[in-house]
Amino acid sequence: MLSKLPSRFGLHPNLQFLRAVGPSGDVRRARRLFDEIPHPDIRSWTLLITAYTKSGFPKEALEVYDELRERKFHPDQLALLSVTKACAALGNLIKAKGVHEDVIRYGYRSDLLLGNALIDMYGKCKYAQGAREVFDNLSAKDVISWTSMNSCYVNCKLPSEALITFREMGLNGVRPNPVTLSTVLPACSGLKSLNSGREIHAYIVRNGIHDNVYVSSALVDMYASCSSIKQAETVFNSTRQFDHVLCNVIMSAYFSNGECDKALHIFDQLQKGRTKLNHDSWNSVIGGCMQNGRTDKALQILHEMQQSGVKPNNITITSVLPLCIDLGSIRRGKEIHGFLLRHLFLEDETVFTALVFMYAKCGDLELSNRVFYMIPKKDTIAWNTMIIGNSTHGKGEEALLLFREMVSSGVKPNSVTFTGVLSGCSHSQLVDKGLMIFYAMRKEHGVEPDSEHYSCMVDALSRAGRLEQAYNFIQNMPMKPSAGAWGSLLGACRVYKNVEMARVAGKQLLEIEPENAGNYVLLSNIYETAKLREEASEIRKLMRERGIMKVPGCSWIQVKDKVHTFVVGDKNNAQTAEIYSFLIEVGEKMRLAGYLPCTDLVGQDLDAEEKEYSLCNHSERLAVAFGILNLDGASSIRVFKNLRICGDCHNAIKYLAKIVGVQIIVRDPLRFHHFKDGLCSCRDFW
DNA sequence: TTCGCGGTGA
């Protein structure tokens, strides 16, 4: 084929250029050839702009447009259309408004094609108001105008507006086409409006449009979003046309319904098909496995993906980063970070945020901070992630500072922001600052406090020992108090040894959350500490009768490439003997330094010596000892635990950190404890 | 000139 082409040296630069901007052209070559054209006409300019946009360089396309304008060219309809598409691809509203002005300046105000393109452009820039203005000013609207307006509303997360516009369109006598239908169905998904979705489905069936893949996948997605997995399945099974998107939609429908095996079955069939899978399908299945806790399967499929020659992209990375969090494996996280730097451009805000989260969750708040400040444009989730990171590390003041910085930089806080800030206040005993924020959130930021926020405040008051006030706060909640609120109060009753309040909170808690073993254990420990043996054993009896099993405590730590796991009294580690003799040996030094084992928290009928022994072999203590024995020159160790850290271990680890001279970081499900020089960052409130 | 899936925060 190539040999039949005339030598490119003999071609006129203009013709060579035209070939280079063609479907399989190379945009950089096109640019060089363009520069060789002595007097490029408006058509060549337009072709170059389009070529840049289609090759994924909308910014460069706009630069070409600026160049064209500087040279005093008058853009025509096609040139304006091409630059409108570039703006849409870039999503830059300021540029978009400039192009809109040019459309008016050059006399295309009432041009239908350009009007439609402008609606689409504003939609992609998430500026519904601008799109609506253009839409309203169109003297004649066709089905594309309506569809673009719909699509804009869906893009701007205004699904009700989309449905209203869709109805309006019908009243104006314009019939929807398949594109319109696949645009409006996601609005039903967003609203979880099964009725609207069914209505549109009925229209589709009546008009025989159901054999369109776009329509089918939108239908499957709509039913899945409305929790009608059976109907989603029916639509999928009755579809005659397939493509990879439709398969991805049904896979995610199954995944979000917890039906992993069905999803994986679809994926198997996709893999057996003739076409090579693209990123989308791999990412859908990897993400689905991750969300369903099938992390081994996710890793296996990630491996298969790489074997098949598809390189992980930003989305793949973002969805597998939580693997490092589960294991607390900062080493693996750094490897992935390195992969990103070597193979992909680190410019995607979502990946940045996932890295910030990973580092914070793996215990390294400093690295987390550093990545955070590298994010060029921080959105609400990015700020929230950093705020929550600081809160869980007991840095309430920093969380408050970040919150102020976020607001002054013009990013709107949402309800998650306040959960982060308030929990930060409560972990750092900034009760009054917390109360101020709590009262300001509705008034100044328009965010209605939900039960999480109330729970945070109950928690803050409880930790500060203001138990009566916390109790009043619970009673004045406009919604049913959550288990979290009562749980905070009960936890504080343990710290402040308030048995009467514990009785009240415990009763509520066992009613709301009868299946949570932790509540029984906590309540029985409080009774035990208060020497109310009978009440304590009654709670344990109740727990047995209800068949509630304690979740076994488990701690883990990474040393070199391996994650080592410990349970109570664990003897499976290769260094078991060393661990126990170390704990006995250092136990003497701890006692001399003033450590008193607090034996009454072990709610079993053992004598004092046995109790002390059973504290000494808690999983977190074994993991810490193992970490110290394998320090290898490091100055800190990181231990992770599935349950809240035990009070006596918390005390013991403070002494351990001082005696050994290391920083010990322990993550429990709620927060981080940084032990250093005999103190903990939680200031003994947790 | 308009369309469907996949990734981040409690």
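Proteins come first, then strands; the chains are lettered A, B, ... in the order of their sequence lines, and each starts at number 1. Just so it is clear, the model here is predicted, and its values are computed rather than measured.
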| message | Test: salt bridge (Lys or Arg N to Asp or Glu O under 4.0 Å). Region: residues 239-251 of chain A. Which pairs qualify, not counting sequence neighbours? | response | A:D211-A:R240
| field | Pairs flagged by salt bridge (Lys or Arg N to Asp or Glu O under 4.0 Å) wherever residues 277-294 of chain A is involved - sequence neighbours left out | value |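 Listed once each, the pairs are A:D261-A:R294.
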Looking for any heavy atom pair under 4.0 Å, which part of the strands does [X] touch: base, sugar-phosphate only, or nothing?
X      : answer
A:D243 : base
A:K124 : sugar-phosphate
A:Q291 : sugar-phosphate
A:V356 : nothing
A:F357 : sugar-phosphate
A:N414 : base
A:I381 : base
A:V416 : base

May I ask you to check whether [X] and [Y] place their ring centers less than 6.0 Å from one another?
X      : Y      : result
A:Y454 : A:F438 : yes
A:W383 : A:F372 : yes
A:Y254 : A:H265 : no
A:H445 : A:F403 : yes

| Start and end of the DNA chain B segment that chain A contacts, any atom under 4.0 Å from a heavy atom |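 So the outermost contacting nucleotides come out as B:dT1 to B:dA10.
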| field | For A:D102, all residues meeting salt bridge (charged side-chain N to carboxylate O under 4.0 Å, His left out), sequence neighbours excluded | value |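 With sequence neighbours excluded, A:D102 shows a salt bridge (charged side-chain N to carboxylate O under 4.0 Å, His left out) to A:R69, A:R105, given in chain and number order.
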| request: Check DNA chain B against residues 186-194 of chain A and give the residues with a non-hydrogen atom under 4.0 Å, in numerical order. | output: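 By residue number: none to list.
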For a quick test of your reading: what N or O donor-acceptor pairs under 3.5 Å do the side chains of residues 480-488 of chain A make, sequence neighbours left out?
unit_1 : atom_1 : unit_2 : atom_2 : d
A:S482 : OG     : A:S455 : OG     : 2.9
A:S482 : OG     : A:G484 : N      : 3.4
A:S482 : OG     : A:A485 : N      : 3.4
A:S488 : OG     : A:D459 : OD1    : 2.9
A:S488 : OG     : A:G484 : O      : 3.1

| request: Mind checking the CH2-CD spacing from A:W146 to A:E168? Nearest 0.5 Å is all I need. | output: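 So the CH2 of A:W146 and the CD of A:E168 are separated by 4.5 Å.
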